[in-house]
Undergrad: 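If you scroll down you'll find the structure; I have some questions about it.
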Amino acid sequence: MPEGHTLHRLAGHLADTFAGRPVHVSSPQGRFVAEAALLDRTELLGAEAWGKHLFVEFADERLVHVHLGLIGKFDVVAGPLVPPVGQVRLRLVRDDLAAHADLRGATRCDLVGPRRRDEVVAALGPDPLRADADPDRAWRRIVRSDRSIGDLLMDQAVLAGVGNVYRAEVLFRHRIHPLRPGRTLRRSQFDAIWADLVELMTEGVRTGRIDTVRPEHTPEAMGRPPRKDDHGGEVYVYRRTGMPCWICGAGVRTEGLAGRNSFWCPRCQPVFRSRARDRH
DNA sequence: CTCACATGTTAAG
DNA sequence: TTAACCTGTGAGC
């Protein structure tokens, strides 16, 4: 579930559902009880996402810092209240009882103040989903790095909010091999990647899915069955190891990179050739 | 049913 | 580099 678009979408849902009214805060699981008691029946002011970090804002400068990790979920549920299922670390209930939100499986759920929030934000690279993002900060780090672009795109200190799906897909869309060193990218390529991430991730916030195939490669356009798995979105290479590339038919490759599986098409994303060699 | 793996990060070894 | 966190899903038996 959680790349940056999930958290931005969630921030919007939480704000729409709870902002401007007192909220009942509890921790059915028991691991956030003291903090929940402090927030209980105070006003929820809003919610904001920075990369994959979420801050739920309550009165008196109190914030709940949430990170979903790999498996966490924060479900916003409209309708009558039901007993918590599983390990619900944080539950928000609207004062009219007509909606609630349950947090499960998160790696982080802390009560913090603005100072801690600022620390977390300061450690993050620019977030393509934020209008105030400065892509130059990411470019400066990428262009002077020997690390691979696949590694750099996943580094939240370089660029915030991109995860394993957007990494694989945006590199495919720009025909760049994930192992290519950051310092070999041209500015125009980075600019195109950034602009594409802004567009793709904004669409992800709108739909709640990661769809990255261009109109001519959709299941309808190609007369192929839609993707069937828990992600829902249509993609070019992510988790398609061994299957034919939608564009050239070559088998999609995979390899561990930065601790995660990276996916690419060996024909559409050829191994980088150095500038010296290009001159021949 | 059990098992492997997953859109992530941190901390221990 | 590996385990741990903690939940859900799909594949295989």
Side-chain angles (χ1 to χ4, degrees), chain A residues 1-11 27-32 49-55 65-77 84-91 101-110 112 116 119-125 127-129 147 150-173 178 196-197 200-213 225-243 252 254-264:
Chain A
M1 284 300 283
E3 294 196 28
H5 70 300
T6 303
L7 282 300
H8 283 266
R9 181 178 170 85
L10 183 53
S27 178
Q29 175 212 44
R31 285 177 57 185
F32 198 62
W50 294 82
K52 300 169 190 168
H53 295 259
L54 173 72
F55 294 93
H65 175 205
V66 171
H67 196 296
L68 294 179
L70 184 61
I71 59 177
K73 287 218 171 68
F74 203 169
D75 294 321
V76 182
V77 184
V85 176
Q87 302 284 304
V88 176
R89 188 183 307 201
L90 170 65
R91 169 170 271 197
D102 284 344
L103 177 68
R104 296 183 188 82
T107 53
R108 186 155 298 237
C109 175
D110 296 330
V112 301
R116 174 66 189 144
E119 280 175 19
V120 171
V121 170
L124 296 172
D127 176 349
L129 285 173
R147 292 159 61 200
D151 187 0
L152 289 161
L153 286 181
M154 290 278 286
D155 185 340
Q156 301 299 297
V158 173
L159 216 147
V162 174
N164 210 16
V165 184
Y166 283 121
R167 157 174 85 166
E169 293 300 305
V170 80
L171 288 176
F172 176 89
R173 285 166 60 95
D196 209 20
L197 285 172
L200 290 172
M201 294 175 79
T202 299
E203 183 67 3
V205 173
R206 192 178 71 77
T207 63
R209 314 167 15 133
I210 301 182
D211 285 292
T212 61
V213 299
R227 186 146 195 262
K228 171 142 174 68
D229 70 13
D230 56 340
H231 302 116
E234 288 294 330
V235 295
Y236 285 107
V237 291
Y238 176 71
R239 289 239 272 174
R240 295 195 61 244
T241 308
M243 299 165 74
V252 171
T254 187
E255 193 179 302
L257 174 55
R260 316 288 300 284
N261 284 325
S262 190
F263 306 86
W264 73 94

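Residue numbers start from 1 in every chain, and the chains themselves are labelled A, B, ... in the order their sequence lines are given, proteins ahead of strands. Computed from heavy atoms alone, side chains included, the values below leave out hydrogens, waters and symmetry copies.
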Undergrad: Where each residue is assigned the nucleotide of DNA chain C containing its nearest heavy atom, which of Leu70(A) and Lys73(A) is assigned the position nearer the 5′ end?
TA: Leu70(A)
Undergrad: How close or far is atom C1' of dC5(B) from atom CZ of Phe263(A), stated in whole angstroms?
TA: 11 Å
Undergrad: As a test of reading the structure: which of dG8(B), dG8(C), dT10(B) is closest to the side chain of Thr107(A), going by heavy atoms?
TA: dG8(B)
Undergrad: Between Tyr238(A) and dT7(B), does any side-chain N or O lie under 4.0 Å from OP1 or OP2?
TA: yes
Undergrad: Arg9(A) has an atom CZ; how far is it from atom C1' of dT7(B), in whole Å?
TA: 14 Å
Undergrad: Just compare dG8(B), dT7(C), dT9(B) and give me whichever is closest to any side-chain atom of Gln156(A).
TA: dT9(B)
Undergrad: For the pair Tyr236(A) and Phe172(A), name the ring-plane relationship: parallel under 30°, tilted 30 to 60°, perpendicular over 60°.
TA: parallel
Undergrad: So which of Asp196(A), Val235(A), Val162(A) actually passes side chain to side chain contact (heavy atoms under 4.5 Å, CB included) with Glu169(A)?
TA: Val235(A)
Undergrad: What is the separation between atom CZ on Arg239(A) and atom P on dT9(C), rounded to the nearest whole Å?
TA: 13 Å
Undergrad: Of the options dG8(C), dA6(B), dT7(B), whose atoms approach the side-chain atoms of Arg104(A) most closely?
TA: dG8(C)
Undergrad: Rounding to a whole Å, what distance do you find between Met154(A):CE and dT7(B):C1'?
TA: 9 Å
Undergrad: Please determine, for the side chain of Glu3(A), which listed nucleotide (dG8(B), dC5(B), dT7(C)) has the closest atom?
TA: dG8(B)
Undergrad: CG of Leu124(A) versus P of dT9(B): gap in Å, rounded?
TA: 9 Å
Undergrad: In whole angstrom, what separates His65(A)'s NE2 from dG8(B)'s P?
TA: 15 Å
Undergrad: Quick check on dA6(B): is either OP1 or OP2 less than 4.0 Å from any side-chain nitrogen or oxygen of Asn164(A)?
TA: no
Undergrad: Tell me the interatomic distance from Ile210(A), atom CD1, to dG8(B), atom P, rounded to whole angstroms.
TA: 8 Å
Undergrad: Output the rounded distance in Å from CG (Leu153(A)) to C1' (dT7(B)).
TA: 15 Å
Undergrad: Phosphate oxygens OP1/OP2 of dT9(B): is one of them under 4.0 Å from a side-chain N or O of Arg108(A)?
TA: no
Undergrad: How close do Arg239(A) and Arg227(A) get, counting heavy atoms only, and between which atoms?
TA: CB-NH2, 3.8 Å
Undergrad: List in chain and number order the residues that pass side-chain hydrogen bond (donor to acceptor under 3.5 Å, both in side chains) with Asp155(A), two or more places apart in sequence or in another chain; answer none if no residue qualifies.
TA: Arg147(A)
Undergrad: Considering only the P atoms, how many Å lie between dG8(C) and dT10(B), rounded to the nearest integer?
TA: 23 Å
Undergrad: Donor-acceptor pairs under 3.5 Å, side chain of residues 254-261 of chain A to any protein atom, not counting sequence neighbours: which ones?
TA:
from: Thr254(A); atom 1: OG1; to: Ser262(A); atom 2: O; distance (Å): 3.0

